[in-house]
Every structure is written in structure tokens, then in C-alpha cells.
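Have a look at the structure below, then the notes.
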Amino acid sequence: MSRYRLCPAPEQEAVLREHCAHARYVWNLAVEQQAWWAPGRTSAPGFAAQCRQLSEARAANGWLAAGSVIVQQQALRDFDRAMKNFFAGTHRKPGWRKRGRNEGFRIVAVKAGDVRRLNCRWGQVKVPKIRWVRFRWSRAVPAARSYRITLDRAGRWHVAFAAVPEPVPGPGTGQIAGIDRGVAVTLALSDGTTYQAPAPLGFKRQARRLARCQRGSNRRNRARQRLAKIRARDADRRKDWAEKASTAIAGRYDVIRIEDLKIASMTRSAAGTLGEPGVKVRQKAGLNRLILAQGWGLFARRLEDKAAGRVEKIHPAYTSQTCSQCKKRDREARESQAVFRCRACGYCGNADVNAARNIAAGHAVKARGGDRATGPANREPQDDLLLAS
């Protein structure tokens with residue numbers, strides 16, 4: 001999806017916040033309705049039945065009828081898609097949306113004239129109940145049938161057009177690359193190339209200041225906003241790095257092999273339970289933060305999207321302990337974080353590059369995304385109904 005910075009006027013921002021509130025309200029009603037249905041009995045109402053219930057609710061409540069029916073119906077459509085993904089086993093069960101965290105709504109049936117360019121820096125998009133809202137024209141806007149407007153914790157508005165870009169073509173040389181992901185060196189390739197994710201911005205001082213503020217006070221709100229801006233900037237830098245690194249690698253190699261890491265399990269807390277408390281909990285928490293700051297999952301996801309069908313997942317077991325020259329496995333061969341010295345053949349080299357070479361020569365298992373015929377797995381859901389406002 002192509003995302004752009006939205007710059008609404010103050011009166012337009014008030015209406016956008018109302019759209020977000022209506023979408024969040026309808027979504028939470030659907031979550032509550034789903035929770036009331038006992039398993040094993042008749043199924044909960046589907047999208048069509050919920051749309052009829054929404055029409056009755058709009059007729060009975062003027063504040064809900066004052067909002068856009070497209071925004072509210074698409075919240076139900078998103079919930080219906082989320083439940084289908086949950087039953088398919090690909091996503092978690094949809095939960096409650098909280099004000100200030102999950103703010104946004106989707107607009108469908110977008111026409112060619114609903115997006116227009118004003119000059120070299122600005123464009124406009126047509127939003128129900130508002131008309132035209134400006135956004136930064138940072139690059140060409142793709143043709144799309146729908147778009148989503150979101151508000152992040154830092155108070156920034158964005159508009160994302162649902163258009164799946166074409167994959168990055170390979171060079172056609174048959175070159176194979178293995179990628180080892182680490183903390184000290186984010187990406188190490190089998191040919192010796194390395195990529196380093198940007199270091200996280202320092203926000204500990206601001207986090208301590210927020211912890212000292214009284215809950216509900218204006219001072220706490222200001223401190224929370226400052227911390228949110230730092231975290232948002234950190235996430236933007238990490239996303240920009242992942243996009244650039246994945247594009248460069250997808251265009252340089254025909255086959256790309258990467259470790260099949262279970263990042264959610266690797267970053268799980270070591271606190272344990274009351275009966276069996278964990279050990280070295282603070283050290284494990286610090287390691288979890290370092291892993292998440294590298295953007296491993298984001299990079300792998302974008303790489304699979306851009307190099308569809310050319311990414312292979314490799315089992316990561318013993319890739320760091322095996323010599324890439326003689327294939328001798330020795331857990332003592334890694335003298336330090338950066339040095340690998342084989343005691344069998346005498347090979348000495350960078351430990352991360354050695355692991356990447358083992359990955360490049362490994363046995364592949366099935367990857368996540370894959371085929372251009374089916375498209376990436378994170379495709380924005382398209383509505384098959386034209387909804388009138």
C-alpha cells in the first residue's frame with residue numbers, strides 16, 4: 001500500500017475524528033455481538049445481517065446517522081474479513097479497538113476523479129462529509145479502488161491507497177544469496193555484504209518523565225505526546241530502512257534464502273509464573289528490545305512481497321555452528337560474536353557471513369507469500385459492493 005501524509009484543516013480534522021469514532025464504535029459492537037454467541041450454536045450474524053442492523057441503528061440514533069454510512073459499513077466489512085482470517089488460522093481473533101490507538105477508517109468505490117493533483121507538492125483526496133482534503137504528493141499515486149485514513153499515536157494523519165505494487169524483477173543471473181539476521185549486524189549476506197538497521201532513538205529519559213506524571217493530568221498528556229512522536233519517528237526510520245534494504249536485495253539476487261525464525265517465540269518474556277519464576281528476566285527483556293529494534297519481521301515480509309516466489313525459508317538450526325567450508329559442526333568454533341574459526345580445516349572468517357553461506361546452501365522449506373497469481377498475503381481487502389453514501 002502507498003501511504004501519504006494527510007494534512008487536514010482543523011475543521012476537517014474534527015470530522016475525521018468523528019469518522020474514526022463511528023468506525024471504532026461499530027467495530028466494537030461487532031466484537032461484543034460475536035462474544036455473545038456461544039460456540040456450537042447458530043453462527044453470529046454475517047456482514048449482510050449486520051448491515052441491516054446498522055440501518056436500524058442509524059434510524060434510531062441521529063448522531064450515528066449524521067456520520068458516513070460508507071465508513072460504518074466498511075468497519076463491518078473489515079470485521080467480517082478479520083473473522084474469516086481468524087477461522088482460517090492466519091490471524092488472531094479480532095479484539096476491542098481503543099481510542100487513540102486503533103484510529104482509522106476505510107473508503108471504497110473510489111473513482112478516478114476522487115484523487116487529484118494540485119501542484120508538485122500537494123494533492124487532494126475526496127472524503128465523505130468533508131469533500132477535499134490535502135495530502136503531500138511525495139510520489140505518484142497509484143490507481144486504487146479504496147483507501148484508508150489513519151491517525152497514529154503521534155497525532156499524524158495518513159492516507160493509504162490500496163494498490164499492490166509490482167514485484168521487483170530479479171537480475172536473471174541465477175545468483176543465490178543467503179541472509180543471516182542478527183543483533184550486532186542486522187543482515188549479513190553470503191557474499192559478505194552487510195546491512196545495519198538504524199539505532200533506536202533515545203527515549204528512556206522521556207519514558208521516565210512520563211512515569212512520574214500524574215495520571216489524567218495535562219502534563220502527562222503532553223509527555224505522552226512527546227514520547228509518541230519519538231517512537232513514531234523511530235518506527236518510520238526502521239520502516240524506511242527495511243524498504244530500501246529489501247528493494248536492493250530483491251533486485252540483486254534471483255534466489256534469496258533466509259532463516260525461518262519464529263520471532264514471536266524468540267521475544268517472549270522470561271518472567272515465568274508465580275510457581276516457577278524465570279531467571280535473568282531483565283537481561284531477556286533487553287535482548288527482546290534489541291531484536292525487535294532490528295525490524296527482522298518487517299524486512300522479511302517486505303522481501304517476500306517484492307521478490308514473490310524467489311524467497312525460500314531455511315531451518316536455522318546449527319547454521320551458526322557449522323563451517324561453511326568443510327561442513328564440520330562445532331559449537332566451540334565461534335570464538336566471539338564476529339569471529340568463526342574452524343578447528344577441523346582451519347577456516348577463519350566473519351561468523352555472520354559464515355552462517356549466511358550455510359543458509360545459502362541449505363534445504364528450503366515453504367515460504368509465506370509466494371505466488372504472483374495469488375498475490376501477497378497482506379493485500380488490502382477489496383469490497384465487491386458499491387456502497388452509496
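Side chains are part of it too, since the values below use all heavy atoms of this structure and drop only hydrogens, waters and symmetry mates. Each residue takes its place number in the sequence, starting with 1. Quick caveat, the model's predicted, so the values are computed rather than measured.
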Sequence neighbours excluded - salt bridge (Lys or Arg N to Asp or Glu O under 4.0 Å) pairs with any residue from [range]:
range            : result
residues 21-31   : Arg24-Glu103
residues 170-199 : Asp191-Arg252
residues 316-334 : Asp330-Arg343, Arg334-Asp352

Any Leu6 side-chain heavy atom under 4.5 Å of Leu16 side chain
yes

Met83: which other cluster members, linking ILVMFWY side chains closer than 4.5 Å, directly or transitively?
Trp27, Val31, Phe79, Phe86, Phe87, Trp96

Salt bridge (Lys or Arg N to Asp or Glu O under 4.0 Å) partners for Lys244, two or more places apart:
Asp240

List the residues meeting salt bridge (Lys or Arg N to Asp or Glu O under 4.0 Å) with Asp236, not counting sequence neighbours, and say none if there are none.
Arg3, Arg156

Applying ring-ring contact (aromatic ring centres under 6.0 Å, His included), can you list everything that pairs with Trp157, at least two apart in sequence or on another chain?
none

For Phe105, enumerate each residue passing the ring-ring contact (aromatic ring centres under 6.0 Å, His included) test, keeping only those at least two apart in sequence or located in another chain.
His19

Side chain to side chain contact (heavy atoms under 4.5 Å, CB included) for Asp80 and Arg77? Distances and angles first, verdict last.
CA-CA 5 Å; Asp80 180 67; Arg77 171 65 74 182; 4.1 Å; yes

Using the test side-chain contact (heavy atoms from CB on, under 4.5 Å), find all partners of Arg134 that sit at least two apart in sequence or belong to another chain.
Leu118, Trp122, Gln124

The criterion is side-chain contact (heavy atoms from CB on, under 4.5 Å); which residues satisfy it with Ala293, sequence neighbours excluded?
Pro200

Short N-O contact, Arg148 and Asp78, less than 4.0 angstrom:
yes

I'd like to know if Arg310 pairs up with Glu304 as an ion pair, taking the criterion as any Lys NZ or Arg NE/NH1/NH2 lying under 4.0 Å from an Asp or Glu carboxylate oxygen.
no

Which pairs would a plain distance check flag for residues 219-227, meaning a side-chain donor or acceptor within less than 3.5 Å of a matching protein atom at least two apart in sequence or in another chain?
unit_1, atom_1, unit_2, atom_2, d
Arg220, NH1, Leu210, O, 3.1
Asn221, ND2, Ser217, O, 3.4
Gln225, NE2, Ala154, O, 3.0

Please check if the distance between the ring centroids of Tyr195 and Phe299 is under 6.0 Å.
no

Taking atom CD of Gln283 as the centre, report whether more than 12 heavy atoms of other residues, nucleotides or ligands fall under 6.0 Å from it.
yes

Would you say Arg117 has more than 12 foreign heavy atoms packed within less than 6.0 Å of its CZ?
yes

Applied to residues 284-293, the side-chain hydrogen bond (donor to acceptor under 3.5 Å, both in side chains) test, sequence neighbours excluded, yields Lys284-Asn288

Show your reasoning for whether salt bridge (Lys or Arg N to Asp or Glu O under 4.0 Å) applies to Glu243 and Lys239.
CA-CA 6 Å; Glu243 293 288 346; Lys239 184 177 184 299; 3.6 Å; yes

Ser246 side chain to Ala242 backbone, donor-acceptor under 3.5 Å:
yes

